[in-house]
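Just so you know, these numbers use all the heavy atoms, side chains as well, and skip hydrogens, waters and symmetry mates.
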There are 2 protein chains.
Amino acid sequence: MSSDSKTRSFVSARIVAERAGVSRSAVSRTFTDGASVSEETRRKVLDAAGALGYHVNHLARGLRERSNIVCLVVADMTTPIRAGMVDVLTRELQSSGKITMVINTKADTDSVSTALRQTLNYRADATVVLSGTPPASLIETCLANGQQVVLINRDDKLVGSHNLGVDNSVAGREAFFLLRRAGCRRLGLVTSNAGTASLVERERVFIEAANADGMEVAVFETGPTSYSSGFEAGRRAFGRSNSPDGVFCVTDLLALGFMDAAVHEFGLSIPDDLCVVGFDDIEQASWESYRLTTFSQPLKAMADQVLDLLLDPQSAGSERILFEPIPRWRKSVRPGPR
Amino acid sequence: MSSDSKTRSFVSARIVAERAGVSRSAVSRTFTDGASVSEETRRKVLDAAGALGYHVNHLARGLRERSNIVCLVVADMTTPIRAGMVDVLTRELQSSGKITMVINTKADTDSVSTALRQTLNYRADATVVLSGTPPASLIETCLANGQQVVLINRDDKLVGSHNLGVDNSVAGREAFFLLRRAGCRRLGLVTSNAGTASLVERERVFIEAANADGMEVAVFETGPTSYSSGFEAGRRAFGRSNSPDGVFCVTDLLALGFMDAAVHEFGLSIPDDLCVVGFDDIEQASWESYRLTTFSQPLKAMADQVLDLLLDPQSAGSERILFEPIPRWRKSVRPGPR
DNA sequence: TCCAAGATTGCACTTGTGTGCAATCTGGAA
DNA sequence: TTCCAGATTGCACACAAGTGCAATCTTGGA
C-alpha cells in the first residue's frame, strides 16, 4: 500500500527480515508450518511482509524439495474433449497444491520430445501427456530423473510410464449392438487420419463385431479429427448409391459434422433414415440440434486416478488402467427397427 | 540409456561436471550462449550430459534473472471462446520462449486473488487475466514486485495494468443495425447474469441504439453464460405473446441455445421467423445447424499484442487497447425485410 | 537466588545455476 | 627461446529459500 518502494523486482525474505529487524531464518520459519517462532517475531515478520507485498518464492523452495509443478503436454486444445481434460486436470491438480504448466504442442514426435525436455527443464514432478506419443528413450530419461510420466489415451505399452485410458473395445462393440438393434442394414464407420491407437482400436473392434455378424462396414476417412472432416465424410457417404443407414463415428466432432451433412445437405432425418453413434460425449453432443447417442469418458475419475498416482511416488507404473466409457442414450439411434 | 543410475532425482550440473572431469562452470558455460568454452570441453560436457540425461534447471536459472514464466488466470476453460484464448496465448508465448502456467479458478474476487498470489509465488514475469476482476490493491502488489499484469476483456480501468479488449460498442450498435435492416419489429436481448463489464457494455449499447430509434428491447436473463441459459431464454421468449423476431445474444453460446429452443421447441425457422446475432464467433457458430451471424474476436492479434507488451518491459500500461470485432455475415439474419 | 528444561534465534550450510575476476594455458611472432 | 595477446578455466560469490546445530533467552520450580 505504502509507495515507499519502486523496486521493480521481487521482494525477498532478506528484505523482509531487514525491515522487520529479525534474521532471514525467522522470516523463513514464519512461513514454514511447524517451525519454531515466537508470537512476537511472527507478527513483526507478517507486518513487514504485508507492507512490502512479500510472497515466498516457490521456485527457490523447489530447489531443495519437490517443485510441485506438473506439466500437461497437449495438442489441439480447442477441441472440446481436450479442453475438458485440461480443465478437469488443472482443477484437480490445483486442489492438491500442485500447479500446472501447459505445453501446447503439435502431436508429432518431434514436438512432443521438445515438450518433454521442457518438462525436465522446469523440474516438473510429473508430466501428463494428452496428445502425441513420446519416444521410449525420452520417457526413460524422465523416469531416470525421478519424474513420473502419465500417458492418457495413448495406449502404447511404454515401460515405466503410467497408462490410463478408456476401454475402446467396449465402446466399439456396444456401438455395433446399438445399430443392429435399430435394424440398420448398411453400416458405416467414420474416422480420421490421425491414426491414434485409441481411434484405431475403436475402428477395429466395431468392424470385427460387424463382420462376426456377417455385415460389411463402409469406412469413411477424410481428414483430421474435426467437424469438417465429419461433414465431408457425410457428403461422400450420401453422394453415392448404397449409402449407410447406421454409422459409428469414432469421435463426437466427426459425428456432429456427419449428422449436419446428412440433415442439411441431403434432407435425411435422424434417427428415422440414419442412426449415428459417437464417442466422447462433448457438450455439443447434448445440444438440441444433435442429441447424439455417444459414450462419455469419465474425466473426473481419470483425473482422480492421475492424482492418486502422483501422490504415491513409488508406484511403478507400467500396468494399464482402463476406465469404462459411460453410454449416453440419446436420440440419434432408434430404440428398435423402423 | 545406460542404466548406471537409479538416481531418482534430477541430475545437476555438478554431477555432469564430475563425470566429464571439468569444473561446474564449464558445464554452465556450455549451455550458455556466447560463453567461452573450448571445443574439447564442450564435447566432453555434452557427452556426459547426454549420457546422464541432464537438463538445465530453469527454476534455478530463474533465481537470478527473469523466470520466463507467464501465468494465465482463467475460469470456465471448457467454454469454446476461453479454450480458444488459452490455446492462442499458450502457443504464442511458447514461440517466444516463455512457458505458461494455467491457474484455473472461479471468477469471483476471492479466487482470483488467490490465483494472483500464486502468480507471485512462482515469480511469473507476467500475469494474464482472462476471467474475473482482481482487486486493485493486489494488482498494485504485482506491479510493485516488477510483474506485468494484462487484463483481457475486463474493462475496469485499473491503473498500471495493461488492458486489452474488443470494442463492444461497435458490436452492439452493428447488431442493432443488422436487425433493423432485416425488418425486425420486436427486438430482444439475451444475456447472462455474469455482469461482466464487456457483456454489460454490449447490452447497453444495443439497447441505447434501439431506443434512439424508438424501439423497445425485451431483455432475457436466465443464468450463467451458457448454452442452456440461452435455451431457457428461448423458452421464455416464445412461451408468451409478443415474442421477439430479432435478438442480439451477447455471446454465441447463448445464441446457439436460444436458436435451438426457437427451432426445436417452437418450430420457428431462422432467419424467416427470427433473426439472431451473436458474439465471439466460436467454432460451433459456423456449424451447418446454426450458421450464426456473429462477431469474431481477433484472438491472434490480441495475443500478439500481449507479447509485444511483455517483451517491452518498460511499457507502463494503463491505456486501454481496443480491437475491432470482425463481423461474420452468415445466415441467421435476413439481408432485408421479409 | 539459582539452576535446568524448554523455547527462540542466528549462523552456516544446502539446493542449482550464472558470471566477474584472476589465474592459467595456448599459439604465433620476433 | 622468449614474450605477449587472446582464449580458456576455476574460484568464489550471488540468487532465495529451508534446516541442523549450537548459542541464547525464558520460564518455572526449588
Side-chain angles (χ1 to χ4, degrees), chain A residues 7-46 48-49 52-69 99 120-125 145-147, chain B residues 7-46 48-49 52-69 118 120-125 145-147:
Chain A
T7 20
R8 291 255 143 263
S9 164
F10 286 97
V11 12
S12 70
R14 187 172 56 79
I15 310 291
V16 176
E18 279 169 18
R19 168 134 180 177
V22 300
S23 78
R24 200 191 52 72
S25 310
V27 178
S28 197
R29 283 191 245 266
T30 300
F31 293 100
T32 307
D33 276 354
S36 165
V37 215
S38 73
E39 204 46 53
E40 194 197 342
T41 47
R42 172 185 207 77
R43 196 188 41 70
K44 283 197 285 187
V45 168
L46 288 179
L52 294 170
Y54 169 70
H55 289 78
V56 177
N57 185 337
H58 283 18
L59 264 41
R61 180 181 270 174
L63 276 191
R64 342 186 68 249
E65 9 195 316
R66 331 250 314 290
S67 68
N68 280 328
I69 295 175
I99 185 98
L120 291 170
N121 281 328
Y122 280 99
R123 293 304 189 253
D125 295 340
N145 276 292
Q147 189 183 71
Chain B
T7 19
R8 291 257 142 261
S9 164
F10 286 97
V11 11
S12 70
R14 187 172 56 79
I15 309 292
V16 176
E18 279 169 15
R19 167 133 179 178
V22 299
S23 78
R24 200 189 51 74
S25 312
V27 178
S28 197
R29 284 192 244 266
T30 300
F31 293 100
T32 307
D33 275 355
S36 164
V37 215
S38 74
E39 203 45 54
E40 194 196 342
T41 46
R42 172 187 207 76
R43 196 188 42 70
K44 282 197 284 187
V45 168
L46 288 180
L52 294 170
Y54 170 70
H55 290 79
V56 177
N57 186 337
H58 283 19
L59 264 42
R61 180 181 272 173
L63 277 190
R64 348 187 61 250
E65 11 195 312
R66 331 249 314 288
S67 67
N68 279 326
I69 296 175
Q118 282 237 328
L120 291 171
N121 282 329
Y122 280 98
R123 294 306 189 254
D125 295 340
N145 276 292
Q147 188 183 72

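With respect to B:E18 and B:R14, a salt bridge is recorded, a charged nitrogen being found less than 4.0 Å from a carboxylate O. Ion pairing between a basic and an acidic side chain is recognised when a charged N comes within 4.0 Å of a carboxylate O; B:R43 and B:E39 show no such pairing.
In this entry the distance linking CZ of A:R43 with C1' of C:dT8 reads 16 Å, nearest Å. For A:K44 and C:dT9, the NZ to C1' distance is 11 Å, given to the nearest whole Å. For the pair A:E18 CD and C:dG10 C1', the computed distance is 15 Å after rounding to whole Å. If you measure from atom CG of B:N68 to atom P of C:dT17, you get 16 Å, rounded to the nearest angstrom. In this structure, B:E40 atom CD and C:dC25 atom C1' are separated by 12 Å, rounded to whole Å.
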**Asked** Which letter, B, S or -, goes with each nucleotide of nucleotides 17-27 of chain D from 5' to 3', with contact meaning a protein heavy atom under 4.0 Å?
**Response** BBBB-------
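Between A:D125 and A:I69 the shortest side-chain heavy-atom distance does not fall below 4.5 Å.
Under 4.0 angstrom from either OP1 or OP2 of D:dT8 there lies no side-chain N or O belonging to B:T41.
Side-chain N or O atoms of A:N57 include one that pairs as donor or acceptor with a backbone N or O of A:L59 at under 3.5 Å.
The residue A:S36 sits close to a base: some heavy atom pair falls under 4.0 Å.
Nearer to the 5' terminus of DNA chain D, by closest-nucleotide assignment, is the contact made by B:V22 (compared with the other of B:L63 and B:V22).
Aromatic pair A:F10/A:Y54: centroids not less than 6.0 angstrom apart.
Looking at residues two or more places apart in sequence or on another chain, you find a ring pair (Phe, Tyr, Trp, His ring centres under 6.0 Å) between A:H58 and B:Y122.
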